[in-house]
Amino acid sequence: QVQLVESGGGLVQAGGSLRLTCAASGRTFTTFEMAWFRQAPGNEREFVASINWRGGSTDSADSVKGRFSISRDSAKRMLYLQMNSLKPDDTAVYYCAAGVGGRNRWGYDSWGQGTQVTVSS
């Protein structure tokens, strides 16, 4: 099992930026892919972006393309999400996840506790 702890959320005005961080520990050598998901009140948890832990290839949802960037530091076992040009619609709890991969939440078996991102208009 992989333990994940997110940080970096907060309140920001529309057009602003935030950088989320996820610290991984435990059996990280079994991780194939890591991702960020988000969940707004009353909504399903949705895919934001993912990265192959070894190769570094990335994928991202159309709604965040060109604004959000996922990256990782394998040596430090850290995952990042740089969020620019934030919009009120980006308001959600953001979760870090690790697992087999893909855009479906069921492809991930380790989850962090989440960090709140609130974007004011």
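Model, not experiment: these values are computed from the prediction. Keep in mind that the numbers below use all heavy atoms, side chains included, and drop hydrogens, waters and symmetry copies. For reference, positions follow the sequence shown, starting with 1.
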message: Show the nearest heavy-atom pair for residues Q3 and G26, with the distance to one decimal.
response: OE1-CA, 3.5 Å

message: Do L18 and W36 land in one hydrophobic cluster if side-chain heavy atoms of ILVMFWY residues count as linked below 4.5 Å?
response: yes

- prompt: Within a strict 4.5 Å, meaning less than it, do heavy atoms of the L20 and E6 side chains meet?
  reply: no

query: Between NZ of K87 and OG of S121, what distance do you get to the nearest 0.5 Å?
result: 14.0 Å

field: Closest non-hydrogen atom pair, A49 against L81
entry: CB-CD1, 4.5 Å

Joint hydrophobic cluster, V93 plus I70, side-chain heavy atoms closer than 4.5 Å: no

task: Any disulfide (SG to SG under 2.5 Å) involving residues 51-116? Give me the pairs, sequence neighbours left out, ordered by first then second residue.
output: C22-C96

- prompt: Listed by chain and number, what are the side-chain contact (heavy atoms from CB on, under 4.5 Å) partners of S69, not counting sequence neighbours?
  reply: Q82

- request: Kindly indicate whether the side chain of Y108, heavy atoms from C-beta on, has any atom under 4.5 Å from the side chain of V100.
  value: no

- request: Output the distance between atom OG (S74) and atom CZ (R54), rounded to the nearest 0.5 Å.
  value: 9.0 Å

- prompt: So Q116 and T91, side chain to side chain contact (heavy atoms under 4.5 Å, CB included) or not? Walk me through it.
  reply: CA-CA 8 Å; Q116 176 70 47; T91 295; 4.0 Å; yes

query: More than 12 heavy atoms of other residues, nucleotides or ligands under 6.0 Å from CD of E44: is that the case?
result: no

message: In the structure I gave you, are the side-chain heavy atoms of L86 and F68 within less than 4.5 Å of one another anywhere?
response: yes

- prompt: Is there a donor-acceptor pair closer than 3.5 Å between any side-chain N or O of E33 and the backbone N or O of G102?
  reply: yes

message: Applying a strict under-4.5 Å side-chain criterion to I, L, V, M, F, W and Y, I'd like to know whether F47 and V64 cluster together.
response: no

task: Report yes if the side chains of L4 and L79 come closer than 4.5 Å at any heavy-atom pair, otherwise no.
output: no

- request: Sort and list the pairs that fulfil salt bridge (Lys or Arg N to Asp or Glu O under 4.0 Å) and have at least one residue in residues 61-73, not counting sequence neighbours.
  value: D62-K65, R67-D90

- prompt: Tell me the salt bridge (Lys or Arg N to Asp or Glu O under 4.0 Å) pairs involving residues 17-26, sequence neighbours left out?
  reply: none

message: Same cluster or not: M34 versus Y94, using hydrophobic residues (I, L, V, M, F, W, Y) connected whenever any side-chain heavy atoms lie under 4.5 Å apart?
response: yes

field: ring pair (Phe, Tyr, Trp, His ring centres under 6.0 Å) partners for Y80, two or more places apart
entry: none

- request: Any salt bridge (Lys or Arg N to Asp or Glu O under 4.0 Å) involving residues 102-121? Give me the pairs, sequence neighbours left out, ordered by first then second residue.
  value: D59-R103

- prompt: With under 30° as parallel and over 60° as perpendicular, where do the rings of Y95 and W111 fit, or are they tilted in between?
  reply: perpendicular

statement: All heavy atoms of A14 vs all of P88, minimum pair found to be CB-CD, 4.1 Å

